Amino acid sequence: MMTQRQTIVVERRGATEWVTMNRPDRLNALDDVMVGELSDYFRALATDRDVRVVVLRGAGGAYCAGLDLKADPVERDTIDRLRHQRSIAEIVMAMRYAPQPIVSLIHGPACGGGFAMALASDVRIAGESARMNAAFIRIGLSACDIGVSYFLPRLVGASLAAELMLTGDFIHAERALACGLVSRIVPDAELEAAAVPLVERMLDASPLGLRLTKECLRMSIDAPSLEAAIAMEDRNQMLTVGDNAFAEGLAAFLEKRRPDYSKVARA
């Protein structure tokens, strides 16, 4: 099933949704319509129990080139500008708080807000053409924007994050792989094929186990201590062991087969 909005296409494949940013003539740059559609989509995931994994990608030759600076200018006072700024930032916050793992397939430019969305994803697979940068500083703004100053140093360390953000330089696929910013590099034409088995392995996890694993990973990044992280892990194990899916997952493991959670009644 495929749903066509003005600027994004959402295709349902079983328990996975493939979301394609669809402004290829503008390198999938973010205009107000796309900002609204992406924000609405990711916020709605919070209450969606049928979608278990999301794959995010761009149409044409780019992932997302950032804010569309050639879009029709809108006169805004400071309050309106702040509201508009926050509306873009809310995309990455919704991505992080969505219970579903988000896999980004990055090819071509991922700049500015596109870079931020890539960083906010849980897994990043790069095409050979991928190039990412904190573009904001190149147009007279701060590079600390849309969550990049939060995500980037946690992913690549303070020194490389500072280098990239203070210069706006591009990081290409090979260096991104070397520093752990992406999981792997594949030819651009093979991005979808690389994602499919990864998604299938995620779907082998129980619905609750998958959600709680993403949540615990997110919270452990900011955990004040090892004890706090372990307390969250203990809580998650107690929740999953009491879930109806645990018996099916255990049986599938012992019987050396894929689990079938579709036959498990919801708790």
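Given the structure is predicted, the values throughout are model-derived calculations rather than measurements.
A salt bridge between Arg235 and Glu215 is present, with a side-chain N of the basic residue lying under 4.0 Å from a carboxylate O of the acidic one. A salt bridge is defined here as a Lys NZ or Arg NE, NH1 or NH2 lying under 4.0 Å from an Asp or Glu carboxylate O, and Asp31 with Lys70 fails to meet this definition. We find that Glu17 and Arg12 are joined by a salt bridge, their nearest charged nitrogen and carboxylate oxygen being less than 4.0 Å apart. Ionic pairing of Arg258 and Glu248 is not present here: no N-O contact between side-chain nitrogen and carboxylate oxygen is shorter than 4.0 angstrom. At a threshold of 4.0 Å, the pair Asp222-Arg154 counts as salt-bridged, since one of the basic side-chain nitrogens sits closer than that to a carboxylate oxygen. Salt bridge annotation for Asp122-Arg96: present, with a cationic side-chain nitrogen under 4.0 angstrom from a carboxylate oxygen.
Counting heavy atoms of neighbouring residues, nucleotides and ligands inside a 6.0 Å radius, atom CG of Leu254 exceeds 12 of them. Few gaps surround CZ on Arg218; more than 12 heavy atoms of other groups in view lie less than 6.0 Å from it.
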Under 3.5 Å, sequence neighbours excluded: what are the donor-acceptor pairs made by side chains of residues 191-199?
from: Glu192; atom 1: OE1; to: Arg57; atom 2: NH1; distance (Å): 2.9
from: Glu192; atom 1: OE2; to: Arg13; atom 2: NH1; distance (Å): 2.9
from: Glu192; atom 1: OE2; to: Arg13; atom 2: NH2; distance (Å): 3.1

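Judged by distance alone, with hydrogens and angles left aside, the side-chain atoms of Thr20 form no donor-acceptor pair with the main-chain N or O of Asn22 at under 3.5 Å.
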Discussion item. Under the criterion side chain to side chain contact (heavy atoms under 4.5 Å, CB included), I'd like the reasoning laid out for Met117 against Cys64: C-alpha separation, chi angles, the key distance, then a yes or no.
Written reply: CA-CA 9 Å; Met117 287 190 289; Cys64 173; 3.8 Å; yes
Discussion item. Using the rule given for salt bridge (charged side-chain N to carboxylate O under 4.0 Å, His left out), can you reason through Arg83 versus Asp77, listing the C-alpha separation, both sets of side-chain angles and the distance that settles it, and then say yes or no?
Written reply: CA-CA 10 Å; Arg83 179 195 54 76; Asp77 62 17; over 6 Å; no
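Cation-pi geometry between Arg138 and Phe136 is not met at under 6.0 angstrom from the ring centre and within 45 degrees of the axis.
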